[in-house]
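This structure is a prediction, so every number in the text was calculated from the model and none was measured.
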Amino acid sequence: MSGDKFKSYGMEGLRTIYYGSSTGGPGPDPSQLVAEKFYAPWCAHCRRLEPVWNEVGLEMKRLRSPVKVGKMDATSYTSIASEFGVRGYPTIKLLKNDLAYNYRGPRTRDDIIEFAHRVSGALIRPLPSQQMFEHVKKRHRVLFLYVGGESPLKEKYIEVASELIVYTYFFSASEEVIPKYVTLNEMPAVLVFKDETYFVYDEYEDGDLKSWVNRERFQNYLTVDGFTLYELTDTGKLIVIAVIDGKNGTIEHTRLKEVIQEIAKDYRDRFRRRDFQFGHIDGSDYVNNLLMDELSIPTVVAINTSNHQYFLPTRHIESTEDVMQFISDILDGTIEARGGDGILQRLKRICYDVRTTVVSVFRSSPFLGCFLFGLPLGVISIMCYGIYTADTDGAYTEERIEVSKRETESIDTREESNEEEKKEENSENSLVLSDAEQEPKDILEKKND
């Protein structure tokens, strides 16, 4: 959920640095609007965001926005960071009443300011006239609109808006405000205006309202980046994107982009709109990391966001017919699906992430890599050597004890044999003596006779 409730106790003693103020103020007050950046002093991403965050603060002050822009060292106030659900750095949240809205978009000045204005304003913005409707429609590429009075559908609409306001705007209007070219079969209704047309929400065909809004908040054709591709994974769509080099002006790269754009605009009726997403991405690094594969560009790749499988064309793509045949082969199951979310694929992901992390560290800073990975390996080696030598010494000691036992037993055996020999000699000597004593007695007896 994008708007998470938080507790407000224990914050009066904290200090938040607010931009445009020479001193800090009491840390985030839930009774006011605050765009808060939670950071760590050692975080490289936080340092890169710092100049952008400074520009956001100065611009919001210049516009006299009710949103205060601040930052807090999450390592100094770990309990508060935990209370706000901070799990990584930097984390940007807009605090409104008792809700904390997470920002997950591009970390640019304009995107962050637009997010702050959208979330800090009214949840549902009313459009009182057709002029206002046309003005808003020109400003927003995607526009959600509720038409009608109070109803259970409006309650659902408000509930969805409270969760997805971080991504898009939500408006409401009466039936008189809607242009004449819009046809509504029943009232009330929820519509989305995009791609120079409009679509009406149908509960029986489109399912849950929140899922429908989450799918329809994207234009049919997008310039895809890492943030967009991450958000698209929640839609369950099949994403067909051209992977090109934006700096390469050859016809091969530009033509492939134009082919995907043509299909998204002119052939969308051939496919179920809610099941497909088209676009292009500049460079293959992010796609390679996502697919754990090396793609040669330019090329086309289709990603199934429902099960993380992907498909590659079996032949060179040159025309719209080639892309159409590629999509048809995917739907027919004639193209092999790669990847997935099975156990083996998860293990492969772990190994891939470890390998890429190690390689990136050594490429960026060889000395740091040697320290980070060499030191633990050295410690482990010393421990293993100590265990091995301890076992060897123990075995040697046991062997010496056994030898000592055998020597002792041998000595005891020899002493016993010596004693037995002595006994035998003594017995023989006693026999000899008895014989020698017996002989004179016999002689005396003979003489007496």
Value rounded to 0.5 Å, distance of CD in Gln261 from CG in Leu222: 11.0 Å
Side-chain donor/acceptor of His253 to backbone N/O of Ile244, under 3.5 Å: no
Nearest atoms (heavy-atom pairs only) where Ala40 meets Asp73: CA-OD1, 4.3 Å
Ring centroid separation Phe171 to Tyr146 under 6.0 Å: no
Side chain Asp206, main chain Asp202, donor-acceptor under 3.5 Å: yes
Electrostatic pair Glu50:Lys37 at N-O distance under 4.0 angstrom: yes
Residue of the set Val213, Ile124, Leu123 for which side chain to side chain contact (heavy atoms under 4.5 Å, CB included) holds with Tyr157: Ile124
Backbone of Gly236 reached by a side-chain donor or acceptor of Arg215 within 3.5 Å: no
For Val52 against Thr108, the heavy-atom pair lying closest together: CG1-C, 3.9 Å
Ring pair (Phe, Tyr, Trp, His ring centres under 6.0 Å): pairs with one or both residues in residues 321-340, sequence neighbours excluded: none
Under 3.5 Å donor-acceptor, Thr78 side chain and Thr75 backbone: no
Considering all heavy atoms, the nearest Ala173-Leu127 contact: CB-O, 3.8 Å
Basic-acidic side-chain contact under 4.0 Å: Lys210, Glu159: no
Least distance between heavy atoms, Val300 atom then Pro313 atom: O-CD, 2.9 Å
Tyr89/Trp42 under ring-ring contact (aromatic ring centres under 6.0 Å, His included): CA gap, chis, key distance, verdict: CA-CA 10 Å; Tyr89 306 113; Trp42 45 261; 5.7 Å; yes
Shortest non-hydrogen contact from Val142 toward Glu216: CG1-O, 3.7 Å
Where Ala302 and Leu238 come nearest, the two heavy atoms and their spacing: CB-CD1, 4.2 Å
Phe133 and Phe193 aromatic ring geometry - parallel, tilted or perpendicular at 30°/60° bounds: perpendicular
Tyr201 and Trp212 aromatic ring geometry - parallel, tilted or perpendicular at 30°/60° bounds: tilted
Polar side-chain atom of Lys96 near backbone of Val34 as donor-acceptor pair, under 3.5 Å: no
Donor-acceptor contact below 3.5 Å, side chain Arg125 vs main chain Ala122: yes
Sidechain-backbone polar pair: Thr305 side chain, Lys237 backbone, donor-acceptor under 3.5 Å: yes
Enumerate, atom names and distances included, each donor-acceptor pair closer than 3.5 Å involving a side-chain atom of residues 112-120, sequence neighbours excluded.
unit_1, atom_1, unit_2, atom_2, d
Glu114, OE1, Arg118, NH1, 2.4
Glu114, OE2, Arg118, NH1, 3.0
Glu114, OE2, Tyr169, OH, 3.1
Arg118, NE, Ile165, O, 2.6
Arg118, NH2, Val166, O, 2.3
Ser120, OG, Ala116, O, 2.6
Ser120, OG, His117, O, 3.3

Carboxylate-amine/guanidinium proximity below 4.0 Å for Glu59 and Arg62: yes
